[in-house]
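Just so you know, these numbers use all the heavy atoms, side chains as well, and skip hydrogens, waters and symmetry mates. Numbered from 1 within each chain, the chains take letters A, B, ... in sequence-line order.
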Amino acid sequence: MNKMQDINFFEKVYRVAEMIPYGRVTTYGAIAEFLGQKSSARMVGWAINKSDLNRIPAHRIVNRLGLLTGKQHFGDINIMQQLLENEGIAVSDNKINDFEKFFWDPCKEIDKKLF
DNA sequence: GAATTGACGTTCT
DNA sequence: AAGAACGCCAATT
């Protein structure tokens, strides 16, 4: 039976992911930390894997080094990079340039009380 | 139902 | 400094 009041871990991840602003990026770990489960960054990536790419801007989520580790899941390896560059984020050698500059930390930017 | 798997991150060697 | 090991925990096999 479903606990309808209780939002799934997946659903939480989606909510945060949807809030990532255009032209910014964040990390799996940051989302996990925001959700209060610091060590389950893996789950975040996994949730997104199972998510609907039409709904979630998954290309704005990278690992903590700014590497496009999930590009393999976009069908075509180039899509993720293209989407990022389309938003003004330069990517070279699988890595986001000036990653810290584009990094969007949900802990800082989102009011937890909104959740 | 046990074992394996992950779009990760930290810690230990 | 670089690589291996381990923790995380839901879903899949």
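- In the hydrophobic clustering of this structure, A:Ile77 does not group with A:Val91; members are Ile, Leu, Val, Met, Phe, Trp, Tyr whose side-chain heavy atoms approach within less than 4.5 Å, directly or through other members.
- In this structure, OH of A:Tyr28 is placed 14 Å from P of B:dG6, rounded to the nearest angstrom.
- Protein atom CG of A:Asn94 is 14 Å distant from nucleotide atom P of B:dA7, rounded to whole Å.
- Put simply, the side chain of A:Arg60 gets close to the backbone of A:Ile20: a donor and an acceptor are under 3.5 Å apart.
- DNA chain B is contacted by A:Asn49, A:Leu53, A:Ala58 of residues 49-62 of chain A, taking any non-hydrogen atom closer than 4.0 Å.
- Side-chain contact check for A:Phe99 versus A:Thr27: some heavy-atom pair is nearer than 4.5 Å.
- Cluster membership for A:Val25 and A:Ile31, using ILVMFWY side-chain heavy atoms within less than 4.5 angstrom, is not shared.
- A:Phe10 places its CZ atom 14 Å from the P atom of B:dG6, with the value rounded to the nearest Å.
- At least one donor-acceptor pair closer than 3.5 Å links the side chain of A:Tyr14 to the backbone N or O of A:Ala47.
- With respect to A:Glu33 and A:Lys108, no salt bridge is recorded, no charged nitrogen being found less than 4.0 Å from a carboxylate O.
- In this entry the distance linking CE of A:Met43 with P of B:dT5 reads 14 Å, nearest Å.
- Using a 4.0 Å cut-off, no side-chain N or O of A:Arg42 falls inside it from OP1 or OP2 of B:dT5.
- Taken residue by residue, residues 65-89 of chain A places heavy atoms nearer than 4.0 Å to DNA chain B at A:Thr69, A:Gly70, A:His73, A:Phe74.
- With hydrogens and angles ignored, the 3.5 Å screen pairs no side-chain donor or acceptor of A:Asp93 with any backbone N or O of A:Lys95.
- Rounded to whole Å, the distance from CG on A:Leu35 to C1' on B:dC8 is 14 Å.
- Rounded to an integer number of Å, the gap from CD1 of A:Ile48 to P of C:dA11 is 15 Å.
- As rounded to the nearest Å, B:dT4 and C:dA5 have P atoms that lie 16 Å from one another.
- Each of A:Ile79 and A:Ile61 belongs to its own hydrophobic cluster when Ile, Leu, Val, Met, Phe, Trp and Tyr are linked at side-chain heavy-atom distances under 4.5 angstrom.
- Counting non-hydrogen atoms of other residues, nucleotides and ligands closer than 6.0 Å to CD of A:Glu18 gives a total above 12.
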